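In what follows, a single structure is set out as structure tokens and then discussed.
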Amino acid sequence: MNSALQTLIDRGFIKACTNYEGLSELMDNESVRMYVGVDPTGKSLHIGHMVPFFALHHLQKAGHQPIALVGGGTTMIGDPSGKSEMRKMLSKEEILSNCDSIKSQLQTVVDFSENPEEGMGQAIMLNNADWLTELNYIDFLREIGRHFSVNRMLSFEAYKQRMERGLSFIEFNYQLLQSYDFYILNKEHNCRLQVGGDDQWGNIVSGVELIRKMGGPECFGLTFNLITRADGHKMGKSEKGAVFLDPELYSPYDFYQYWRNVNDEDTVKFLKLFTFLSLDEIAQYEKEGVNINEAKERLAYEQTKIIHGVEEADKARTAALAFFGNKADSVENREGMPSLTITSAELAGGIGVLDLFSRTDLAATNSEARRLVQGGGAWIGETKVTDVKALIDSSYLDEHNELILRSGKKRYFRIIIEK
RNA sequence: GGAGAGGUACCCAAGCGGCCAAAGGGGGCAGACUGUAAAUCUGUUGGUUAUACCUUCGAAGGUUCGAAUCCUUCUCUCUCCA
């Protein structure tokens, strides 16, 4: 088996492949161009989107050439999946701006630079709007549509389920468009492999078949396991919704905490999938008697480092250690914490607890803050606040002239006082 | 085009004239237990200047002392038939 492919298998990425032997041979013989699709429906990706890109990272390192294909064209018609959701018809401008931010996020894992390191493959980013928007319906049906059998499409698992609940014509066409993408990428860029989540299996296979029917070379499809959590929750979802990569939407501190708090059973699995640590190194954490919390700290640190950079990772880690590890909580250690600045004049006048908490991320509204106080989960420093009418003034300041608000045991927020 | 069934809070889902800010479950938050884990148990879960008030049950009108509940129109979704 090809060593790069073997790496993906060992790390737990792979679910299925259209032809292991063929792909392995191809990868042994040449630098393979491969693609994965991503829809620019939002400003930020979340960690669930990243699995295929982590896989691409390993393949790029082995000298293969990743293509990130943003679905600018497919997004134009809106994604109809999810029955209660309104179709998102994004403007071209929105899509373009989304593409930009998505690219910068992908750059943390895949190297798109012009001159990648020695031995690494060249990565590029393309947008399927470039060819999809020009399509002529009649031509498309004549050349592409005739290769698809409705009977066969309906036999795919993805559609079977939708037959129960209803399936719009537009959604039914996704498979054709995605297959066409693969066909174009093969023709124009010599792309031989498409990778994606397991839910993409049907679409990927039909792309491979389309290329064959159109007289192209044998192409390959590779899908990755849908990542699940041991507790059955959806990967990448948290109390705040999706765990976004954008620091504006999900602070690096919270991001670190998300990984720090994964299930015991998931820890090693996630180390393999979401970090670049060698398997040997990860094996250290699997040994009997190893403190599972060390593994989780490592996971959180490595993952934060990849997405937000060393600096943010360090800050998040020191902040976390300061509050959970009983280390001296110097001001530097608080840097990674979400914070808010208020003036000393305002504080001197006294601020109601509810008001103060609702201005932080700890409570969205006054009522939520009230519940928190009444439930006994609101803290300022080491003082539990139990009176909803309490006025917070400078007497609450700690030795660093700051306020550290806390919701329960885990969520912290730092109030910085401006003179 | 015809017939029927529906649109309820973050999600699923009860309610079918006042006791409804709306049962139950999921999810979230907090408390207990812990290892910043899981499981379990308890509380809580529209908003506000808070023993009261305001806005919510697809949209707009109407009946009524009083509507998520009844009537009219509109709109969207689904199922069956053509």
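As the structure is a computational prediction, the values presented were derived from the model and not from experiment. Chain identifiers are assigned alphabetically (A, B, ...) following the order of the sequence lines, protein sequences preceding nucleic acid strands; residue numbering begins at 1 within each chain.
We find that CG of A:N293 is positioned 9 Å from P of B:G35, with the value rounded to whole Å. Per the geometry, CG belonging to A:L372 stands 8 Å off P belonging to B:G31, to the nearest Å. In this structure, the NZ atom of A:K389 is 11 Å from the C1' atom of B:U51, given to the nearest Å. Residue A:R370 contributes atom CZ, which lies 16 Å from atom P of B:U44 at whole-angstrom precision. When rounded to the nearest whole Å, the span between NZ of A:K409 and P of B:U34 equals 9 Å. Going from atom CD of A:Q374 over to atom C1' of B:U44 covers 10 Å, rounded to whole Å.
The shortest distance between the side-chain N/O atoms of A:K410 and the OP1/OP2 oxygens of B:A37 is below 4.0 Å. Contact check, A:R406 against B:U36: no side-chain N or O comes under 4.0 Å of OP1 or OP2. Note on A:S407: a side-chain N or O is less than 4.0 Å away from OP1 or OP2 of B:A30. Between A:R260 and B:G35 there is no side-chain polar atom (N or O) within less than 4.0 angstrom of OP1 or OP2. Applying the 4.0 Å criterion to OP1 and OP2 of B:U49, one finds that A:N366 has a side-chain N or O inside that range.
Two residues, A:W379 and A:N263, neighbour RNA chain B, and the one matched to the more 5' nucleotide by heavy-atom proximity is A:W379.
Listed here is the closest heavy atom pair of A:N263 and A:T267: O-OG1, 3.1 Å.
Counting non-hydrogen atoms under 4.0 angstrom, A:Q257 reaches a base of the nucleic acid. Residue-level contact check: A:S367 touches the bases, meaning some heavy atom is under 4.0 Å from a base atom. A:N261 comes within 4.0 angstrom of a base, heavy atoms only.
Remark: aromatic rings of A:Y180 and A:F140 are close, center separation under 6.0 Å. For A:F255 and A:F244, the ring centers are positioned 6.0 Å apart or more. In summary, the aromatic rings of A:Y412 and A:F324 are positioned with their centroids under 6.0 Å apart.
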